[in-house]
Protein chains: 2
Amino acid sequence: MDAADLFKALSDPTRRTILDELQQSDGQTLFEICGRLIMKHGLSSSRQAISQHLAVLEEAGLVRTRREGRYKFHHLDTSPLRSIVDRWPFDKE
Amino acid sequence: MDAADLFKALSDPTRRTILDELQQSDGQTLFEICGRLIMKHGLSSSRQAISQHLAVLEEAGLVRTRREGRYKFHHLDTSPLRSIVDRWPFDKE
DNA sequence: TTGACAGGCAAGTGGCGACTTGCCTATAAA
DNA sequence: TTTATAGGCAAGTCGCCACTTGCCTGTCAA
């Protein structure tokens, strides 16, 4: 949840693509995310790899999860990004 | 200058500290930055290490340089950070 | 011109991170 | 109760990245 976790989470291209996917369709399960990454982005990572990516994103606070039976839904939370702009402000158009 | 370069540049804690330093005092030389990192932040990286960090920051467009004789001044440019907020918007207070 | 100062280039090393592999748990359907 | 489905855990491999080391270039003062 600190700066190190946040920037570490953002440093990987697959994780950034996952954020894009969740932004486009929020609340997906692990298997849905895997499928979309393969279909729409041509990525062929294993389920475990994606699971580990999601854990990193969750630790950074960028993804929040919700359990429901045997499903686990993943939700995007962009609010941690605010800290970046707070730290190094830029002119807002 | 693309997303990969930007997030790669931000992924290292020493590079983020350099951005902090330049924000506080813009237009420093390599040796000045080295000195401040040691004095104020307790970091003991070699000159070459800092030089390589600055090259990464420059490639990401976060640092711009200006040559003057045997001195090279480094300037902070936070505008590339705008692309992060554009990609994953969050509510602006 | 000689020395000090500011910086650059390139090869080598070590550790961390992304990914795989194999097996395990839990929920729900047949 | 079986079988399939959704996900988790942990050890091991491999490549990249931060950092060092050594030497070189260019600028300016003595």
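Just so it is clear: chains get the letters A, B, ... in the order the sequence lines come, proteins before strands, and each one is counted from 1.
- Shown are B/Arg66, B/Gln28, B/Arg64; of these, the side-chain hydrogen bond (donor to acceptor under 3.5 Å, both in side chains) with B/His75 is made only by B/Arg66.
- Nearest approach of B/Arg16 to A/Ala4, heavy atoms of both residues: NH2-CA, 3.6 Å.
- Take A/Arg87 and apply the side-chain hydrogen bond (donor to acceptor under 3.5 Å, both in side chains) test, not counting sequence neighbours, and it matches B/Asp20.
- In terms of position along DNA chain D, the nucleotide closest to A/Gln52 lies nearer the 5' end than the nucleotide closest to the other residue of the pair B/Asp12 and A/Gln52.
- When atom types are taken as modelled, the side chain of B/Glu32 and the backbone of B/Thr29 share a donor-acceptor pair closer than 3.5 angstrom.
- Side chains of A/Glu58 and A/His74: no donor on one and acceptor on the other come within 3.5 Å.
- Both A/Val63 and A/Phe31 are assigned to one and the same hydrophobic cluster, defined by single-linkage of ILVMFWY side chains at heavy-atom distances under 4.5 Å.
- A/Ser51 and A/Leu30 get closest at one heavy-atom pair: N-CD1, 3.8 Å.
- When DNA chain C is scanned in the 5' to 3' direction for atoms under 4.0 Å from non-hydrogen atoms of chain A, the outermost contacting nucleotides are C/dA18 to C/dA28.
- Side-chain contact between A/His53 and A/Ser45 is absent, with no heavy-atom pair separated by less than 4.5 Å.
- Between the NZ atom of A/Lys8 and the P atom of D/dC16 there is a distance of 19 Å, given to the nearest Å.
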Practice task
Let me have DNA chain C in dot-bracket notation, would you? Count Watson-Crick plus G-U wobble pairs, both distances under 3.5 Å, and use [ ] for pairs crossing earlier ones and | for inter-strand partners.
Solution key: ||||||||||||||||||||||||||||||

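- At least one side-chain heavy atom of A/Leu62 sits under 4.5 Å from a side-chain heavy atom of A/Leu19.
- Between A/His53 atom NE2 and D/dG8 atom C1' there is a gap of 16 Å when expressed in whole angstrom units.
- Contacts between residues 13-33 of chain B and DNA chain C, defined by a heavy-atom separation under 4.0 Å, are made by B/Thr29, B/Leu30, B/Phe31.
- Counting all heavy atoms, side chain and backbone alike, B/Ile33 lies closest to B/Leu22 at CD1-CD2, 4.1 Å.
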Report all side-chain donor-acceptor pairs from residues 6-14 of chain A shorter than 3.5 Å, counting only partners two or more places apart or in another chain.
from    : atom 1 : to      : atom 2 : distance (Å)
A/Ser11 : OG     : A/Lys8  : O      : 2.6
A/Asp12 : OD2    : A/Thr14 : N      : 2.9
A/Asp12 : OD2    : A/Arg15 : N      : 3.1

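- Listed for the A/Ser83 side chain is a donor-acceptor partner under 3.5 Å among the backbone atoms of A/Pro80.
- Whole-Å rounding puts the A/Glu59 CD to D/dG8 C1' distance at 16 Å.
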Handout entry: Summary of protein contacts for nucleotides 23-30 of chain D, nucleotide by nucleotide, where a base hit scores B, a sugar-phosphate-only hit scores S (4.0 Å, heavy atoms)
Key = ----BS--

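- The minimum heavy-atom distance between A/Arg82 and B/Phe90, with the atom names listed, is CA-CZ, 3.5 Å.
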